[in-house]
Amino acid sequence: MKVVKFGGSSVADAEQFSKVKAIINDDSDRKVVVVSAAGKSRNEKIKITDLLIELDKLRISGSDYSNILNKIMQRFLRIKSELGINFDIESEIRKIEVNLANCSSDYLISRGEYLTAQLMASYLGFKFIDSASFMMFSKNEIDLNATSKEFHKLYSETDKVVIPGFYGNQNGNIKLMQRGGSDISGAILANILNADLYENWTDVSGILMADPRIVSKCKRIDSLTYGELQELSYMGFNVFQEEAVQPVRVKNIPTKILNTNNPHSGGTLVVDRIKRDSKQLITGIAGKKNYTIITVKKYQLNKHLDILQKVLSIFQKHNLIVDSVPSGTDSFRFLLPQTELKGVLNSVLSELKNNCNLDDVFLNDNIALIAAVSTELSKRPAIAGRIMQYLDKSLINIRLVIQEGSDMKVVFGVSNADYEKTISNIYKNAVGQ
Ligand code: ASP
């Protein structure tokens with residue numbers, strides 16, 4: 001049995017709906033279908049979820065939202081009428097409209113998935129199961145046992161079902177996941193159903209080794225491990241939600257990233273282990289811009305844990321999430337996304353300078369982090385040195401390197417301005433064309 005998830009672009013309009021139907025009809029094992037809200041396509045320029053977020057803002061501020069509500073209505077009506085779907089979507093939208101006066105934002109923003117799944121269920125002739133009736137959250141985390149128990153009350157093995165992604169139920173209220181969360185919904189369903197395969201249908205034929213806007217003719221990753229995918233997603237690949245990896249990983253459920261617009265073009269397979277040709281140094285290169293490094297200095301700082309404690313308490317007070325970077329005996333370096341520091345940077349710096357008895361505090365900003373990821377790195381740590389040599393030859397100034405012993409990634413910090421150059425350089429030398 002396969003759990004199949006279709007992203008927003010795969011369900012954006014009537015043309016995309018019909019591609020989904022062809023994919024489902026092609027394989028009778030595709031029994032559990034999870035959908036995102038109608039997203040962007042050639043004809044549609046805005047995601048339904050973004051329209052709902054806008055609608056939510058307008059109603060909270062007491063502004064006129066009729067225009068946006070009408071856009072949402074028209075979009076679903078167009079899909080319905082172009083495909084001749086016999087489902088009363090108007091009444092569903094009217095019900096949401098009635099609830100606008102006192103519903104939660106999570107409820108409202110989740111309606112894109114709810115409506116898209118209702119239409120899709122009717123179009124495919126599948127049963128609709130609402131995520132609010134089984135996807136159980138407890139303390140903001142999914143409770144897998146409760147979810148499995150509730151789901152099996154609603155589902156029998158012969159069923160073919162459509163389920164909205166992106167939300168669940170916490171204490172009787174709708175609870176949203178983070179953006180892109182339908183990947184997580186699909187992975188949870190694959191987990192609790194012990195699926196043979198989790199197919200994640202998108203608008204790309206698998207995951208590429210690097211950003212194709214930077215590396216032209218970039219090769220596809222034919223297969224990679226869950227660990228590698230998790231690292232690449234964390235470091236900026238946005239084909240698959242980072243948190244969707246764990247539910248399939250713990251049950252070792254093979255996962256495929258496929259293209260709805262080109263279903264037979266192959267894709268990327270994600271599995272537990274891969275035997276690789278030893279010439280291939282890295283699996284993928286991902287990166288993110290706009291980081292700040294804060295360096296604190298004190299003679300023999302490694303012996304003054306009390307000072308370090310004060311430094312950490314300042315970060316904690318400002319709710320900052322920091323990564324520490326290996327440093328010398330007299331200094332410690334902390335890495336933070338620039339967006340986190342917005343509005344609090346001056347206070348953080350002055351508190352560090354005035355309250356911690358340090359010799360010096362300074363910062364480097366506009367740092368880009370670039371990760372080369374491969375399970376091979378844990379076996380052959382010297383690969384990192386080789387990559388550094390390439391970068392050195394290209395006169396790229398490396399500000400920091402992070403490689404943990406057993407880790408499968410090495411992260412290089414360079415200036416934002418060197419971001420693209422660093423990625424294409426690592427690709428050219430470690431992957432080749
Ligand atoms: N519709 C939501 C979003 O745009 C969730 C999803 O697509 O998975 O983020």
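- Side-chain contact annotation: E228 with T283, donor-acceptor N/O pair under 3.5 Å present.
- Side-chain polar atoms of Q178 and E243 form a donor-acceptor pair below 3.5 angstrom.
- Between Q338 and the choices D365, N366, N416, the side-chain hydrogen bond (donor to acceptor under 3.5 Å, both in side chains) rule is met once, by N366.
- Using modelled atom types, one finds no donor on one side chain facing an acceptor on the other under 3.5 Å when comparing D143 with S138.
- Closest non-hydrogen pair, L51 versus I68, comes out as O-CG2, 3.6 Å.
- With a 4.5 Å cut-off on side-chain heavy atoms, I23 and R30 count as touching.
- Minimum heavy-atom separation, L391 to T422: CD2-CG2, 3.8 Å.
- Taking every heavy atom of both residues into account, M209 and I282 meet most closely at CE-O, 3.4 Å.
- Counting heavy atoms from C-beta on, the side chains of V162 and K127 never come closer than 4.5 Å.
- With a 4.5 Å cut-off on side-chain heavy atoms, I214 and Y419 count as touching.
- The closest side-chain donor-acceptor pair between T375 and R276 falls under 3.5 angstrom.
- Environment of CG in N86: sparse, with no more than 12 heavy atoms of neighbouring residues, nucleotides or ligands closer than 6.0 Å.
- At least one cation-pi condition fails for K31 and F126: the charged atom is not both under 6.0 angstrom from the six-membered ring centre and inside a 45 degree cone around its axis.
- For the side-chain hydrogen bond (donor to acceptor under 3.5 Å, both in side chains) test, no residue two or more places apart in sequence or in another chain qualifies with N173.
- Checking N319 against E340 by side-chain atom types alone, no donor-acceptor pair falls below 3.5 Å.
- At a threshold of 4.5 Å between non-hydrogen side-chain atoms, the residues V33 and V161 do not count as touching.
- Each of K57, K40, R75, R179 was scored for a salt bridge (charged side-chain N to carboxylate O under 4.0 Å, His left out) with D50, with one residue passing: R179.
- Not counting sequence neighbours, the partners of D222 by the side-chain hydrogen bond (donor to acceptor under 3.5 Å, both in side chains) test are R220.
- Side-chain atoms of Q74 and K71 form no donor-acceptor pair, as typed in the model, at a separation below 3.5 Å.
- No more than 12 heavy atoms of other residues, nucleotides or ligands sit less than 6.0 Å from atom OH of Y234.
- Evaluation of the side-chain hydrogen bond (donor to acceptor under 3.5 Å, both in side chains) test over residues 390-402, restricted to residues two or more places apart or in two chains, returns S394-N425.
- For the residue pair N262/S205, the side-chain donor-acceptor check at 3.5 Å is not satisfied.
- Looking only at side-chain heavy atoms (C-beta outward), L232 and I221 come within less than 4.5 Å of each other.
- Taking a 6.0 Å sphere around NZ of K175, one finds it holds more than 12 heavy atoms contributed by other residues, nucleotides or ligands.
- Using a 4.5 Å cut-off on side-chain heavy atoms (C-beta onward), V20 and M120 make contact.
- Between F128 and Y114, the gap from one ring centroid to the other is short of 6.0 Å.
- In this structure, K21 satisfies the cation-pi test against Y123, with its NZ or CZ atom closer than 6.0 Å to the six-membered ring centre and inside 45 degrees of the ring normal.
- The closest side-chain donor-acceptor pair between N67 and Y65, if any, does not fall under 3.5 angstrom.
- Inter-residue side-chain proximity for S415 and K289 is flagged as unmet; no heavy-atom pair is nearer than 4.5 Å.
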